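Input: a single structure, listed below in structure tokens.
A quick note: this is a predicted structure, and the numbers were derived from the prediction, not measured.
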Amino acid sequence: MPDTAELRDRNDFTTRPGPALYSMAAAARPPIPAPVGVGDLELHRRELTGYCQRIVGASEADDAVQETMLRAWRASANFAGRSSVRAWLYQIAAHTCLDLLRGRERRGRLGQRLQASAEVSTAPASSADPAEFAATQDGVRRALAAVLGQLPARQRAALILCEVLRWRSDEAAQVLGTSAAAVASSLQRARATLARQSGLRDPGNVDADQLARYQDAFRRYDIATLVGIIRVEASQAAS
């Protein structure tokens, strides 16, 4: 019968992994993916451009690809290598294009509500046709010119906040530093003023820089900037 020391040696031999087991474990471990660099991303720019063109149209494809590259670069440290870089990029591009389409739809609704408030004919804003897109942008510009040229600051603030952005009167009142009743009254007067105009005209007394700021905020669907402009102008008018 083996003594205690011999049994201990046998147990050590059978339970302690040897070099072969260590090698097998190392081989079974998934390889650590190499870091994704700018060069790895740029290799796919051309085909990604074609892919994005089919989804968002030629006019926004370059912006979609650039945003895809930026998102991929920010997320490159977390790339796990479960798919190829190409497949990973295409997934990011698909999400980017969908975000652009949703943003375009929101901007279109916003622009159409603005044009309806100023009684300007609307054009489809979701079309990829550059001519229709230009027509829509021109309609937004003319509607803004009418609002800026014919309404005082408080009235146009109430119109844009309540009728275009669809805020409640109490929410608009917080931005304007007034009461909900005052906002409702300003909105009513703004609607009456715009309703009295006989056909849309582009007033000549509109400040070009002011119009450009509003138009840029509408084009980018930058609600924070738009509300900031409105708040400053309303505050200046009240002082």
Worksheet item: What's the verdict on side-chain contact (heavy atoms from CB on, under 4.5 Å) for Asp207 and Leu148, showing C-alpha distance, side-chain angles and the deciding distance?
Response: CA-CA 8 Å; Asp207 181 272; Leu148 294 174; over 6 Å; no
Worksheet item: Going through the distances and angles, do Arg191 and Gln155 end up as a side-chain hydrogen bond (donor to acceptor under 3.5 Å, both in side chains)?
Response: CA-CA 9 Å; Arg191 287 170 173 165; Gln155 289 185 26; over 6 Å; no
Practice prompt. Evaluate side-chain contact (heavy atoms from CB on, under 4.5 Å) for Tyr214 paired with Val140, printing each intermediate quantity in order.
Written response: CA-CA 10 Å; Tyr214 270 94; Val140 168; over 6 Å; no
Worksheet item: Can Glu67 and Asp99 be said to form a side-chain contact (heavy atoms from CB on, under 4.5 Å), step by step?
Response: CA-CA 11 Å; Glu67 178 64 21; Asp99 288 344; over 6 Å; no
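The backbone N or O of Arg168 sits less than 3.5 Å from a side-chain atom of Glu171, completing a donor-acceptor pair. A donor-acceptor distance shorter than 3.5 angstrom exists from the side chain of Gln115 to the backbone of Gly111, with no hydrogens or angles considered. The backbone N or O of Leu151 sits less than 3.5 Å from a side-chain atom of Arg156, completing a donor-acceptor pair. Side-chain N or O atoms of Thr68 include one that pairs as donor or acceptor with a backbone N or O of Ala64 at under 3.5 Å.
Of all heavy-atom pairs between Cys52 and Val65, the closest is SG-CG2, 3.8 Å. Residue Val147 comes nearest to Ala118 through the heavy atom pair CG2-CB, 4.4 Å, listed as atom of the first residue, atom of the second, then distance. When all heavy atoms are compared, the tightest approach of Leu114 to Ala143 is CG-CB, 3.8 Å. Minimum interatomic distance between Leu48 and Ala93 (heavy atoms only, all atoms of both residues): CD2-CB, 3.9 Å. Here the closest heavy-atom approach between residue Trp88 and residue Ser76 is recorded as CH2-CA, 4.0 Å. Here the closest non-hydrogen pair linking Ala234 and Arg154 is O-NH2, 3.5 Å.
The existence of a salt bridge linking Arg219 and Asp216 is confirmed by a sub-4.0 Å separation between a basic side-chain nitrogen and an acidic carboxylate oxygen.
In this structure, Arg45 and Thr49 have side chains that are in contact, with non-hydrogen atoms separated by less than 4.5 Å. Residues His44 and Tyr90 fail the side-chain proximity criterion, which asks for heavy atoms closer than 4.5 Å.
Put simply, SG on Cys97 and CG on Asp63 are 10.5 Å apart, with the number rounded to the nearest 0.5 Å. Rounded to the nearest 0.5 Å, atoms OG1 (Thr96) and CD (Glu60) are 12.5 Å apart. With rounding to the nearest 0.5 angstrom, the CD1 atom of Ile223 is 5.0 Å from the CG atom of Leu165. Summarising the geometry, atom CG belonging to Leu41 is positioned 7.5 Å from atom CH2 belonging to Trp73; distances are rounded to the nearest 0.5 Å. To the nearest 0.5 Å, atoms CG (Leu226) and CG (Leu161) are separated by 7.5 Å. Atom CG in Asp62 sits 9.0 Å away from atom CD in Gln66 (nearest 0.5 Å).
For the residue pair Gln174 and Arg231, no side-chain donor N or O sits within less than 3.5 Å of a side-chain acceptor on the partner. Checked by atom type, the side-chain pair Ser117/Glu163 shows a donor-acceptor distance below 3.5 Å.
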Can you give me every donor-acceptor pair (side chain of residues 175-187, partner residue at least two apart or in another chain, under 3.5 Å) with its distance?
unit_1: Ser179; atom_1: OG; unit_2: Ala182; atom_2: N; d: 3.1
unit_1: Ser185; atom_1: OG; unit_2: Arg189; atom_2: NH1; d: 2.7
unit_1: Ser186; atom_1: OG; unit_2: Ala182; atom_2: O; d: 3.1

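Within 6.0 Å of CD on Gln188 lie no more than 12 heavy atoms contributed by other residues, nucleotides or ligands.
Checked against side chain to side chain contact (heavy atoms under 4.5 Å, CB included), Ala224 has the following partners two or more places apart in sequence or in another chain: Asp222.
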